[in-house]
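Report on the following structure.
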Amino acid sequence: GAVALGPNYVLQDALSVYLDDIVINLTVAAVAVCVVTRIMVGSWVSSLIIVVVLVIVDIEVLGTIYLFGYDFNHITGINLVLAVGLAVDSLAHITHSFLSSDGSGDEKCQ
């Protein structure tokens, strides 16, 4: 069969592989975050809230990529996976601080 080798087609096969790998990496990261935060924070509800916020962060990163007109490629995929790592650290600290402080929910938020 014919093979297209123009500048627009060179990375087309690689993009389909990257997309599959990125989806797998994000899924594994979400499951790992849920399990590890359950162990470290001690609450399933808090772990699920952290995972939901991570999904929202990735949606915002995808929206920013689209807004600025970047193409989805391996570099933007790495940025999605890195966003999980950067966001989970602060989310886990905030959740742990909230759960370990004394008082009602409103008092904890102040």
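These figures come from a predicted structure and were not determined experimentally.
The CG atom of L82 sits 11.5 Å away from the CD1 atom of I75 when rounded to the nearest 0.5 Å. Rounded to the nearest 0.5 Å, atoms NE2 (H93) and CG (D89) are 4.0 Å apart. To the nearest 0.5 angstrom, N79 atom CG is 10.5 Å from H74 atom NE2. Note that the CD1 atom of I22 and the OG1 atom of T27 stand 11.5 Å from one another [nearest 0.5 Å]. The structure places CD1 of I65 at 4.5 Å from OG1 of T76, a figure rounded to the nearest 0.5 Å. In this structure, D71 CG and Y66 OH are separated by 12.0 Å, a value rounded to the nearest 0.5 Å.
Y70 OH: 12 or fewer foreign heavy atoms inside a 6.0 Å radius.
Without hydrogens or angle criteria, S90 side chain to A87 main chain gives a donor-acceptor distance under 3.5 Å.
The shortest distance between side-chain heavy atoms of I49 and T95 does not fall below 4.5 Å. Counting heavy atoms from C-beta outward, I59 and V55 have side chains that approach closer than 4.5 Å.
Note on L19 and L26: same hydrophobic cluster, where clusters join Ile, Leu, Val, Met, Phe, Trp and Tyr whose side-chain heavy atoms are under 4.5 Å apart, directly or indirectly. Cluster annotation: V45 and L54 are assigned to the same hydrophobic cluster (Ile/Leu/Val/Met/Phe/Trp/Tyr, side-chain heavy-atom contacts under 4.5 Å, transitive). V81 and I24 fall into different hydrophobic clusters, where Ile, Leu, Val, Met, Phe, Trp and Tyr residues are linked whenever their side-chain heavy atoms come under 4.5 Å apart, directly or through other members. F72 and L67 are not part of a single hydrophobic cluster, where members link through side-chain heavy atoms under 4.5 Å apart.
Checking each of V36, V41, V35 against I39 for a side-chain contact (heavy atoms from CB on, under 4.5 Å) leaves exactly one that passes, namely V35. Checked options I56, L62, D58; the residue passing with E60 is I56 (criterion: side-chain contact (heavy atoms from CB on, under 4.5 Å)).
Between V51 and C34, the shortest heavy-atom distance links the atoms CG2-CB, 3.7 Å.
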From CA spacing to verdict: side chain to side chain contact (heavy atoms under 4.5 Å, CB included), V84, V57: CA-CA 8 Å; V84 170; V57 166; over 6 Å; no
Step-by-step side chain to side chain contact (heavy atoms under 4.5 Å, CB included) determination, T37 to S46: CA-CA 8 Å; T37 54; S46 299; over 6 Å; no
